[in-house]
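The next block holds one structure in the form of structure tokens; read it before the comments.
Index from 1, following the sequence. As a basis for the values below, the full set of heavy atoms in this structure was taken, side chains included, without hydrogen atoms, waters or symmetry mates. Worth saying up front: this structure is predicted, and the values here are computed from it rather than measured.
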Amino acid sequence: MEQDAATAEATAADLRRQGYAARTADRGAWVLRTYRDADLVLLALDLPDIDGLEVCRTLRAESDVPVIACTPRDNELERVLALKAGADDCVVRAWGPREIGARIEAVLRRSRPQSAASDTISLRPLHIDPRRREVRLSDRLVDMTGTEFELLYALAANPDTVASRKELMAKVWGTDWVPTSRTIDTHVSSLRSKLGSSRWIITVRGVGYRMGHVDQLPEKSAG
């Protein structure tokens, strides 16, 4: 969905060349009526009829369809707001079609049902259940996107280890790219906000991130 019909069609044409079936819409209201037929929504935030963030919140409240927000500028605040509104990822309109296509592929891969082989992680009072795709903090269910869940699980699985940005990109996004858009930083910021404290995820300058609030080794049990 793009406010500029020509830009939207050019993006759709690029995605079709990459093997995706893509169609465009120039109104948020239209998408809210038809999104159930889509495997993923690439959502422009600057729509002419409804605020894009509101469309994103509505999509997330009504369904689990993957949503990638598309912003006109590489602006951290816009990315954070999009993630808090329920977007699984956020891209910048000026990015090349191959990177946007790769982001779509990664989000679709994460949205598919996962094998039930992974263990539940307990870092009291934080509990992460990969089978149910649930995160609970002091028995409170924490709403998260698929990307946020994968990032938190990747960090919590090895709580005493610092994960580099490159390692996290490989585990969560399925690529070794480390984009200048600070994708990881934005998702970490959203996770900290949802967990209610910046101390859950510690920044290790020049290296990456590790889990915080760990006073003992995590308890693991087959979910």
| Would a distance-only check, ignoring hydrogens and angles, find a side-chain to backbone donor-acceptor pair under 3.5 Å from Glu99 to Gly96? | no
| request: May I ask you to decide if Arg199's main-chain N or O and Ser197's side chain share a donor-acceptor pair within less than 3.5 Å? | output: yes
Would [X] and [Y] show up in the same hydrophobic cluster when neighbours are defined by side-chain heavy atoms closer than 4.5 Å?
{"X": "Leu155", "Y": "Met169", "answer": "yes"}
{"X": "Ile50", "Y": "Val31", "answer": "yes"}
{"X": "Leu83", "Y": "Leu43", "answer": "no"}
{"X": "Leu137", "Y": "Val188", "answer": "yes"}
{"X": "Trp95", "Y": "Val107", "answer": "yes"}

Using every non-hydrogen atom in the two residues, find where [X] and [Y] come nearest and quote the distance to one decimal.
{"X": "Tyr209", "Y": "Leu168", "answer": "CD1-CD1, 4.1 Å"}
{"X": "Cys56", "Y": "Gly86", "answer": "SG-C, 3.9 Å"}
{"X": "Pro72", "Y": "Glu78", "answer": "CD-OE1, 3.9 Å"}
{"X": "Lys171", "Y": "Ala154", "answer": "CD-CB, 4.3 Å"}
{"X": "Ala69", "Y": "Leu45", "answer": "CB-CD2, 4.0 Å"}
{"X": "Arg133", "Y": "Gly146", "answer": "NH2-O, 3.8 Å"}

| said: Applying side-chain contact (heavy atoms from CB on, under 4.5 Å), can you list everything that pairs with Asp49, at least two apart in sequence or on another chain? | reply: Arg27, Ala29, Leu47
| With Ile104, which residues qualify under side-chain contact (heavy atoms from CB on, under 4.5 Å), at least two apart? | Leu15, Tyr20, Leu40, Ile68, Ile100, Leu108
| Val91 and Leu42: CA distance, side-chain angles, deciding distance, side-chain contact (heavy atoms from CB on, under 4.5 Å) verdict | CA-CA 9 Å; Val91 301; Leu42 180 62; 4.1 Å; yes
[X]: partners by salt bridge (Lys or Arg N to Asp or Glu O under 4.0 Å), with sequence neighbours left out:
{"X": "Arg17", "answer": "Asp14"}
{"X": "Asp37", "answer": "Arg23"}
{"X": "Asp64", "answer": "none"}
{"X": "Glu62", "answer": "Arg36"}

Nearest 0.5 Å, what's the [atom1]-[atom2] distance between [X] and [Y]?
{"X": "Met211", "Y": "Leu152", "atom1": "CE", "atom2": "CG", "answer": "5.0 Å"}
{"X": "Glu134", "Y": "His127", "atom1": "CD", "atom2": "NE2", "answer": "12.0 Å"}
{"X": "Leu81", "Y": "Ser190", "atom1": "CG", "atom2": "OG", "answer": "10.0 Å"}

| message | side-chain contact (heavy atoms from CB on, under 4.5 Å), that's the test. Do Val92 and Arg79 meet it? Break it down for me. | response | CA-CA 9 Å; Val92 179; Arg79 294 194 304 272; 5.5 Å; no
Using the side chain to side chain donor-acceptor pair (under 3.5 Å) criterion, which residues pair with [X]? Sequence neighbours excluded.
{"X": "Arg16", "answer": "Glu9"}
{"X": "Arg192", "answer": "Thr203"}
{"X": "Thr71", "answer": "none"}
{"X": "Ser189", "answer": "none"}

| message | Run Ile128 and Phe149 through side-chain contact (heavy atoms from CB on, under 4.5 Å) and show every step you take. | response | CA-CA 9 Å; Ile128 307 169; Phe149 182 92; 3.7 Å; yes
| query | Run the side-chain contact (heavy atoms from CB on, under 4.5 Å) check on Thr120 and Arg131 step by step: do they pass? | reply | CA-CA 8 Å; Thr120 295; Arg131 294 173 184 257; 5.6 Å; no
| task | Report yes if some heavy atom in the side chain of Leu191 is under 4.5 Å from a heavy atom in the side chain of Trp200; otherwise report no. | result | no
| Side chains of Arg93 and Asp46: does their closest heavy-atom pair fall under 4.5 Å? | yes
| Should the heavy atoms of other residues, nucleotides or ligands under 6.0 Å from NZ of Lys84 be counted, would the total exceed 12? | no
| query | Got a sec, which pairs hit side-chain hydrogen bond (donor to acceptor under 3.5 Å, both in side chains) with one end in residues 50-60, sequence neighbours left out? | reply | Glu54-Arg57, Arg60-Asp88
| field | Remaining members of hydrophobic cluster (4.5 Å side-chain criterion), Val162 | value | Val204, Val207
